[in-house]
2 protein chains.
Amino acid sequence: MLMSSVSIKDVAARAGVSPGTVSNVLNRPEKVAESTRVRVEKAIRELGFVRHGSASSLRAGHSRTIGLSVIDIGNPFFTDVAAGVEEGASERGYAVILGNSSGDRFKEERNLLVFAEQRVRGVLITPAGASLAKLDQLRERGISVVLVDHPAERPDQCSVAVNDVTGGSLAVSHLLDGGAERIAYVTGPLTVRQCLDRRIGAERALAAAGRDPGRALEEIATDAMNARAGQEAAEKMISQGRLPDAVFCANDLLALGVMRALLQAGVRVPEDVALIGYDDIDFASASAVSLSSVRQPTHRLGRVATELLLDECDNPESHAHRQIMFQPELVARESTR
Amino acid sequence: MLMSSVSIKDVAARAGVSPGTVSNVLNRPEKVAESTRVRVEKAIRELGFVRHGSASSLRAGHSRTIGLSVIDIGNPFFTDVAAGVEEGASERGYAVILGNSSGDRFKEERNLLVFAEQRVRGVLITPAGASLAKLDQLRERGISVVLVDHPAERPDQCSVAVNDVTGGSLAVSHLLDGGAERIAYVTGPLTVRQCLDRRIGAERALAAAGRDPGRALEEIATDAMNARAGQEAAEKMISQGRLPDAVFCANDLLALGVMRALLQAGVRVPEDVALIGYDDIDFASASAVSLSSVRQPTHRLGRVATELLLDECDNPESHAHRQIMFQPELVARESTR
DNA sequence: ATATTTCGTTAAAACGTTTTTAAATGGAGT
DNA sequence: ACTCCATTTAAAAACGTTTTAACGAAATAT
């Protein structure tokens with residue numbers, strides 16, 4: 001039984017070298033003679049030595065952790081992103097500190113504070129509140145930041161996003177192709193950039209088809225972007241008796257909720273009302289009527305963001321800031337046949 | 001613009017006190033006089049001081065982070081657990097380091113190593129490999145461990161789980177009530193305890209109904225527990241032309257895959273084949289035919305596990321190890337009508 | 001008045017690494 | 001044998017905090 005902590009000194013003593021040499025074995029193995037290296041490695045194994053990350057990052061000035069702040073860990077979209085991040089980070093030996101902001105600006109700031117205290121190497125964030133100023137404070141502290149699913153406003157920062165205007169256009173063009181006249185847009189708060197951009201895309205598609213966005217598009221904003229909110233929105237539409245020809249939802253969770261409410265009320269999808277969501281989460285194709293959606297390269301989003309971040313951390317001077325914009329893709333299924 | 005790092009010394013200088021006093025303000029505010037406290041707090045605010053977590057935990061001997069290792073972050077079951085964990089941890093000022101083992105023993109051990117390096121205060125883990133010995137090594141290092149969704153074998157460790165034997169019984173009894181004669185059990189690897197326990201429960205239900213488990217229950221094991229694996233399993237059943245009356249799946253993801261394959265092949269659910277899953281993930285009720293399932297208190301699982309862990313960390317001597325076992329609950333929907 | 005306690009504060013020593021500087025070692029060239 | 005250089009190791013100084021023991025001053029008791 002190895003008690004509490006065995007330090008680099010114990011390893012050094014056992015291997016008959018100095019602590020500095022052990023450190024070199026750990027961090028610059030090429031600098032140390034083969035024979036001593038194997039001796040040290042043997043001692044490390046025998047003593048079960050584990051490097052003390054705090055001591056290491058205290059002295060080195062930076063840790064091997066990154067912070068990830070997402071808006072809703074319960075949403076498969078963010079889960080996929082998180083999986084991509086975890087994959088990319090762990091491959092390069094970085095640990096991921098997870099923060100869930102729940103779209104709450106206050107919680108988001110608390111996450112950033114925790115990240116700052118932990119002296120994370122960098123932060124990946126899908127910004128929820130207007131905390132862009134806080135992010136600059138992080139940068140001033142030497143913590144790199146990459147925006148995820150949010151295009152950077154300035155050229156001196158990295159970001160990874162998907163073109164939501166295009167996505168909104170794709171969705172609504174598709175509905176128009178199917179013959180829709182009156183379209184409802186069920187969305188989360190319009191302060192959320194994604195929701196706003198997708199609406200802009202929707203309006204462009206309408207305009208391009210010669211329709212008047214003011215008349216053809218009705219907007220129903222909810223306070224959350226989950227299935228419950230979608231269901232409630234649809235129930236309200238139904239009880240008011242003003243059903244549109246088609247519904248475009250700002251994400252799949254909303255759409256699944258809308259679908260549930262419609263089917264329960266005996267409204268046929270897509271015959272009475274066509275329905276399209278956004279994100280193409282795994283479950284979209286398994287729903288009652290398989291759900292048309294707009295697919296985003298979610299996992300890649302997380303992966304690429306992580307690679308960008310770690311590149312910025314590891315090669316600070318050669319690093320060129322990039323704003324990457326992926327393109328979404330229409331996935332037509334039964335709900336818009 | 002505040003350059004790099006302002007330390008406790010800078011704060012001390014500004015407030016005209018010693019560094020030790022600043023530390024006291026941070027950690028034992030009651031020990032320091034009101035007047036100096038406000039003076040120090042003012043200096044902290046003005047300088048934008050953020051405590052250096054690494055230095056702090058180096059000296060104090062423990063950090064304010066916990067590690068969470070889950071089997072599949074893409075599975076809503078684990079996502080819910082993770083959300084519960086994040087909630088409980090952040091409320092008490094702890095950061096969560098996320099590790100995804102993907103059911104891979106090797107990745108799991110790598111996660112534990114990262115946790116050990118970060119000197120996390122404790123670890124929450126849904127064990128994937130047979131790394132129980134590794135967990136004892138962590139305990140010897142003074143890192144508390146709470147098993148999540150896995151009952152502890154020994155009384156000196158904490159665990160939080162849901163009774164899977166009961167759950168398996170509930171599911172199969174329900175299928176038998178619906179008139180099923182031949183039942184298929186679509187499961188992940190039987191080395192996964194949950195899968196095994198649920199089968200044991202299934203067999204008990206059969207025995208209790210006077211059936212011969214050897215005849216009435218056919219087992220189809222897959223290598224993963226996601227929708228794709230379920231779909232493939234069902235496709236194989238269909239192509240072999242040996243369809244059972246009912247299918248019990250070890251989780252909802254498998255069940256959704258099975259449902260997709262069945263419906264695509266023109267098999268009616270539940271008329272031709274009844275279907276029940278496990279976990280009652282959000283999407284179960286939104287699927288093509290709403291899915292019957294066995295509900296687990298997922299979010300609570302994560303929350304309670306975190307509370308147990310932090311209690312053990314904060315009150316090491318008064319802490320009593322507990323093995324908490326929740327009871328699952330049957331949720332009957334269309335797929336078993 | 002002095003002795004004792006209490007309270008608030010400080011100085012200094014850790015914590016376990018990394019990094020820098022200096023020293024030791026050994027081999028080649030003179 | 002001697003210098004010179006290259007390679008490898010040793011020693012010591014940081015990094016920013018927490019903590020212990022000691023201290024002075026004020027408050028209370030003798």
Side-chain angles (χ1 to χ4, degrees), chain A residues 2-41 43-44 47-65 93 116-121 141-142, chain B residues 2-41 43-44 47-65 116-121 141-143:
Chain A
L2 34 99
M3 204 35 224
S4 56
S5 53
V6 17
S7 85
I8 217 172
K9 275 185 197 163
D10 305 315
V11 175
R14 171 131 191 168
V17 299
S18 79
T21 303
V22 177
S23 174
N24 279 334
V25 171
L26 255 31
N27 302 305
R28 304 178 204 69
E30 73 282 0
K31 290 273 171 199
V32 42
E34 168 89 6
S35 65
T36 55
R37 209 197 62 219
V38 302
R39 200 148 34 94
V40 170
E41 282 168 346
I44 288 180
L47 293 174
F49 166 78
V50 174
R51 172 217 254 105
H52 195 307
S54 296
S56 167
S57 48
L58 169 59
R59 174 61 233 227
H62 53 80
S63 69
R64 288 188 77 78
T65 58
E117 282 198 356
Q118 298 298 325
R119 295 298 195 272
V120 296
R121 198 73 192 279
R141 287 208 158 77
Chain B
L2 33 103
M3 204 33 225
S4 55
S5 54
V6 17
S7 84
I8 218 171
K9 275 185 197 164
D10 305 316
V11 175
R14 173 129 189 171
V17 298
S18 80
T21 302
V22 177
S23 175
N24 279 335
V25 170
L26 256 31
N27 302 305
R28 302 178 207 72
E30 73 282 1
K31 289 273 170 200
V32 43
E34 168 89 8
S35 64
T36 54
R37 208 197 64 218
V38 301
R39 200 147 34 94
V40 170
E41 282 169 347
I44 288 179
L47 294 174
F49 166 78
V50 174
R51 168 217 257 105
H52 195 307
S54 296
S56 167
S57 46
L58 169 59
R59 175 60 235 229
H62 53 82
S63 69
R64 287 188 77 80
T65 58
E117 281 198 356
Q118 297 297 324
R119 295 297 195 273
V120 296
R121 198 72 190 281
R141 285 207 158 77
I143 299 178

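Chain naming here is simple, since letters A, B, ... match the order of the sequence lines and numbering starts at 1 in each.
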Quick check for you: among C:dT9, D:dG16, D:dA10, whose closest atom lies nearest to any side-chain atom of B:T21? C:dT9

OP1 or OP2 of C:dT9 under 4.0 Å from side-chain N/O of B:T36: yes

Among C:dT19, D:dT17, D:dT19, the nucleotide that comes nearest once only the side chain of B:F49 is considered: D:dT17

Have a look at B:S57 and say if it touches a base, only the backbone sugar-phosphate, or nothing, with a 4.0 Å heavy-atom cut-off. nothing

Using a 3.5 Å distance criterion without hydrogens, assess whether the side chain of B:S5 forms a donor-acceptor pair with backbone atoms of B:S7. no

Any idea which of C:dT9, C:dT19, C:dG16 is nearest the B:V32 side chain? C:dT9

Nearest to the side chain of A:R59, which nucleotide is it out of C:dT10, D:dT9, D:dA14? D:dA14

Using the rule side chain to side chain contact (heavy atoms under 4.5 Å, CB included), only one of A:N27, A:T36, A:V32, A:V17 pairs with A:V22; which is it? A:V17

Value in whole Å for how far the C1' atom of C:dG8 lies from CZ of B:R39: 12 Å

To the nearest angstrom, how far is A:L58 atom CG from C:dC15 atom P? 14 Å

When all nucleic acid strands are considered with a 4.0 Å heavy-atom cut-off, which category describes B:S7: base, sugar-phosphate, or nothing? sugar-phosphate

Whole angstrom value for the distance that separates C1' of C:dT9 from NZ of B:K31: 13 Å

B:Q118 CD - C:dT17 P separation (whole Å): 13 Å

Would you classify B:S56 as touching base, sugar-phosphate or nothing, given that sugar-phosphate means primed atoms plus P, OP1 and OP2, and contacts are heavy atoms under 4.0 Å? sugar-phosphate

Check whether any side-chain nitrogen or oxygen of A:R119 sits under 4.0 Å from OP1 or OP2 of D:dG16, and answer yes or no. no

Whole angstroms only, please: what is the CZ-P distance between B:R28 and D:dT20? 8 Å

So does B:H52 get a backbone contact from the side chain of B:S56, meaning a donor-acceptor N/O pair under 3.5 Å? no

Gap between atoms CG and C1', on A:L26 and C:dG16 respectively (whole Å): 12 Å

Rounded to the nearest angstrom, tell me the gap between atom CZ in B:R37 and atom P in C:dC7. 17 Å

Hey, does B:V22 reach any base, or is it just sugar-phosphate, or nothing, if we go heavy atoms under 4.0 Å? nothing

What is the distance from atom OG of B:S57 to atom CD of A:Q118, rounded to the nearest 0.5 Å? 7.0 Å

Tell me what A:S54 touches on the nucleic acid: a base, only sugar-phosphate, or nothing, going by heavy atoms under 4.0 Å. nothing

I'd like to know if the side chain of B:S63 reaches the main chain of B:R119, judged simply by a donor and an acceptor atom lying under 3.5 Å from each other, with no hydrogens or angles considered. yes

Side-chain donor/acceptor of A:D10 to backbone N/O of A:V6, under 3.5 Å: no

Rounded to whole Å, the NE2-C1' distance (A:H62 to C:dT18) equals 10 Å

If you pin B:G16 and B:A55 to their nearest nucleotides in DNA chain C, which one's is more 5'? B:G16

Nearest-nucleotide check on DNA chain D, B:K9 vs A:V17; residue mapping nearer the 5' end is A:V17

